[in-house]
Amino acid sequence: MPKPSALAASDQEALSLSEHLVGSIERVTFHNDETGFCVLRVKARGHRKPVVVVGHAPSVAIGEVIEASGGWLHDRNHGVQFRAHALATSAPTTAEDLQRFLGSGLLRGVGPAVAQRLIASFGARILDVIEKKPHELTRVQGIGMAKALGIGEAWTEHRALKDIAAFLNAHGIGGFLLTRIYRAYGVGAIDIIKANPYRLVLDIPGFEFALADQVALRLDVEPTAEMRLQAGLAHVLSEAVKEGHSGLGADELLRQASRLLDVTEAELGPVLDAQCAAGQLVADGLSGRRSIFLKSLYGAEMFIAQRLKDLARGEHPWAGLDAAQVIAEAEAAIGVTYSPSQREALAAACRSKVLVVTGGPGVGKTTLIRSLTRLCAQHERTIALCAPTGRAAKRLSESTGFPARTVHRLLEASEGGFRRNAKTPLDCDLLVVDEASMLDIRLTAALLRALPDEASLLLVGDVDQLPSIGPGQILSDIIASGAVTVVQLKEVFRQERESRIITVAHAINRGLMPDLSHRPDSDLFFVEADTPSDAVAKMTILMRDRIPRRSGLDPVRDVQVLCAMNRGRLGTNMLNGELQQVFNPPGPESLHRAGWIYGPGDKVMQVRNDYERDVYNGEVGIVREVRRDHGELTVAFDERLVAYTLKELDELALAYAVTIHKAQGSEYPAVIIPVALQQASMLGRKLLYTGVTRGSRLVILLGSRAALAQAVASEEEPRLSRLRNWLET
Ligand SMILES: Nc1ncnc2c1ncn2[C@@H]1O[C@H](COP(=O)(O)OP(=O)(O)OP(=O)(O)O)[C@@H](O)[C@H]1O
């Protein structure tokens with residue numbers, strides 16, 4: 001046994017300093033994808049019993065051989081363990097290790113029994129056969145050609161992941177983006193990264209520019225290399241696009257890129273000019289200022305403007321209908337008397353091929369759409385209803401009694417693009433888009449491409465809500481341009497006594513501090529909280545006790561916490577962890593991934609569009625089942641079940657708390673909105689207004705009056721876009 005050393009730490013005692021250890025991995029007790037930190041149980045040469053090895057390795061698998069150098073330590077909590085300074089892994093060679101390795105479920109389609117048969121047939125050559133001649137695996141009983149090739153593919157993937165992990169590790173990057181990199185580049189990942197490490201920033205969501213710079217530095221890319229300067233400019237521009245702009249002032253772009261890259265604006269200027277000359281970026285004057293646009297967005301905005309103008313000029317499919325008669329028919333069909341502005345909107349729908357109807361909550365927008373569905377049926381016109389999110393489309397279907405789809409589904413979106421386009425247009429005389437404030441540039445262009453020339457278009461939305469998550473401010477640009485007919489619905493139907501949510505929303509929208517005096521029968525409350533911790537404590541009590549008791553609502557299913565941002569004490573990241581602890585604490589069944597834990601009953605949100613499985617960004621579901629042995633979980637989105645493997649879990653996030661941005665287009669029975677000065681930089685009037693209008697039965701503002709006053713007073717900066725300009729000319 002190693003001798004105790006004098007270098008004793010308080011809870012650890014070094015027993016020896018420099019030794020070499022060789023063995024095979026019996027169990028991976030812990031491995032952190034991000035840092036590579038691992039705790040292994042190893043069958044080591046010269047040791048009768050398994051030993052614990054602690055170290056860092058980009059990837060580890062049961063059965064693999066390790067070579068480690070380091071020393072023995074006595075840890076007060078964990079006992080004697082080998083602390084490795086260097087740790088290398090290689091493929092197993094002995095039959096026993098191979099059995100453990102292949103039988104561990106590492107390769108799809110190979111379990112312990114198949115592993116045993118493979119090793120019995122091929123012995124130590126087995127990995128070589130799998131890699132180079134997978135078709136020979138068919139010699140083993142029970143393995144057909146498809147299975148054999150599948151095992152070969154799984155092995156290629158395993159090897160590629162291991163190589164990429166080692167490459168990233170050698171370049172100072174943790175393995176947490178490994179699967180995303182593999183998904184984007186496949187087996188050629190290392191060559192692609194070596195050729196231009198800056199591609200990572202553009203291609204891999206979440207890959208920081210600084211990290212790519214770090215890789216580039218190790219690959220000896222010069223700080224003034226053209227690829228670096230180009231990437232820096234593209235990065236600054238794409239950050240602006242992420243904030244919703246379709247471009248950026250040239251001076252601003254150069255200033256920000258110069259700061260990011262630590263080079264002078266003079267060095268960057270020619271690179272920018274060259275990119276514009278080559279057509280990768282577009283330079284154009286906007287309000288007398290040279291602005292730079294991404295080519296695709298610039299083209300799309302130009303197209304939208306042209307298409308809207310062309311559509312508006314064509315003959316109306318309802319030409320010949322008498323508006324007064326239409327209104328009378330519509331009123332009779334649904335048994336209401338329209339408000340003056342609703343009448344105006346219906347009359348406009350009879351004469352304008354492109355029409356925008358806007359207005360705040362409760363002004364009768366949905367009722368108008370319902371009337372149009374009846375009218376179309378009566379006059380044998382085809383109508384199509386859609387909305388930008390699944391929740392909004394569902395709500396529209398329910399309130400109109402007419403099927404509505406998401407824009408993506410209407411356009412038959414797939415990974416390869418939209419199946420409905422100019423060549424295979426939609427089949428309708430009238431297309432209605434609800435929640436049109438959420439349309440971004442790309443989606444609008446796709447929609448207009450697929451709209452037949454003869455059809456008319458009605459955009460319905462609340463222009464005072466947040467603009468789309470993607471770039472553009474389509475609805476507000478169209479309205480501001482004056483290029484198409486716009487009707488604003490003004491009369492609010494739900495009355496103050498009935499709905500304080502509505503009056504408070506309208507006050508916020510006008511920039512006025514709402515009346516927050518306590519009224520027991522109200523549907524909106526302000527709950528004072530002095531500090532963020534106080535707010536969290538009160539939030540828990542409200543969700544767990546007060547709201548269910550008062551309204552019979554379910555804390556997980558019906559109550560949604562809406563945050564201004566992800567970061568901070570009152571951001572979604574922290575709150576989700578805490579609310580999960582309260583409402584569905586992780587247990588032995590839970591799956592761990594990328595810092596999150598998911599167990600049956602957890603509320604989760606899909607965070608990107610997945611066309612294959614037909615689940616879209618922002619959809620919320622409940623984890624139904626976790627199969628730890630298969631590394632798989634199933635989420636119920638309403639009644640639909642969708643399965644996720646471990647690798648796909650980065651498509652999910654906990655959703656006890658979500659950002660107001662993500663909640664756009666959704667409505668919840670109850671919402672709680674933290675309002676604290678700590679979020680002042682993010683919490684503006686539109687954000688607060690959008691949050692408040694998400695609640696249908698109950699809204700609770702939780703925090704400080706000062707923060708609320710500040711949010712109401714602060715108007716968000718408009719986005720930089722070109723559409724209004726195109727429409728005006
Ligand atoms: N002309 C009308 N006469 C009486 N009630 C009406 C009329 N128009 C709408 N309503 C009622 O007013 C309420 C709000 O209408 P609707 O849902 O159409 O508004 P909205 O603008 O779509 O609101 P939100 O954006 O909050 O969904 C509904 O209960 C609806 O039945």
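For ligands, and for the atoms within them, numbers begin at 1 and follow the listed sequence.
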Contact (N/O only, under 3.5 Å) between [X] and ligand 1:
{"X": "Lys365", "result": "yes"}
{"X": "Val363", "result": "yes"}
{"X": "Gly364", "result": "yes"}

> Among side-chain atoms of Asn566 and Asn573, is any donor-acceptor pair under 3.5 angstrom?
Replying inline: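 There is no such pair between these side chains.
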>> Side chains of Glu619 and Gln606 only: does a donor on one sit below 3.5 Å from an acceptor on the other?
In response: no
In terms of atom number and element, which parts of ligand 1 are under 4.0 angstrom from non-hydrogen atoms of [X]?
{"X": "Tyr338", "result": "1 (N)"}
{"X": "Thr367", "result": "8 (N), 9 (C), 10 (N), 15 (O), 16 (P), 18 (O), 30 (C)"}
{"X": "Gln342", "result": "1 (N), 2 (C), 8 (N)"}

>> Tell me every residue that passes side-chain contact (heavy atoms from CB on, under 4.5 Å) with Ile334, counting only those two or more places apart in sequence or in another chain.
In response: Val336, Tyr338, Thr367, Arg370, Ser371, Arg374
> Counting heavy atoms only, which of Thr337, Thr693, Val336 comes nearest to atom 1 (N) of ligand 1?
Replying inline: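 The nearest heavy atom belongs to Thr337.
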>> Taking atom CG as the centre, does Asp322 end up with more than 12 heavy-atom neighbours from other residues, nucleotides or ligands that are less than 6.0 angstrom away?
In response: yes
>> Can you tell me if Gly359 contacts ligand 1 (heavy atom of the residue under 4.0 Å from the ligand)?
In response: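 No heavy atom of Gly359 comes that close to ligand 1.
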> Any idea how Tyr656 and Phe583 line up, ring-wise: parallel (<30°), tilted (30 to 60°), or perpendicular (>60°)?
Replying inline: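 Taking Phe583 first and then Tyr656, their aromatic rings lie parallel (interplane angle under 30°).
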>> Would you call the rings of Phe418 and His408 parallel, tilted or perpendicular, taking 30° and 60° as the class edges?
In response: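 Phe418 and His408: tilted rings.
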> After noting the C-alpha distance and the side-chain angles of Arg613 and Glu651, does the key distance pass the salt bridge (Lys or Arg N to Asp or Glu O under 4.0 Å) rule?
Replying inline: CA-CA 12 Å; Arg613 290 184 302 173; Glu651 290 190 8; 3.0 Å; yes
> Which bit of Arg370 gets closer than 4.0 Å to ligand 1, counting heavy atoms only: side chain, backbone, both or neither?
Replying inline: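 Under 4.0 Å from ligand 1, Arg370 contributes no heavy atoms.
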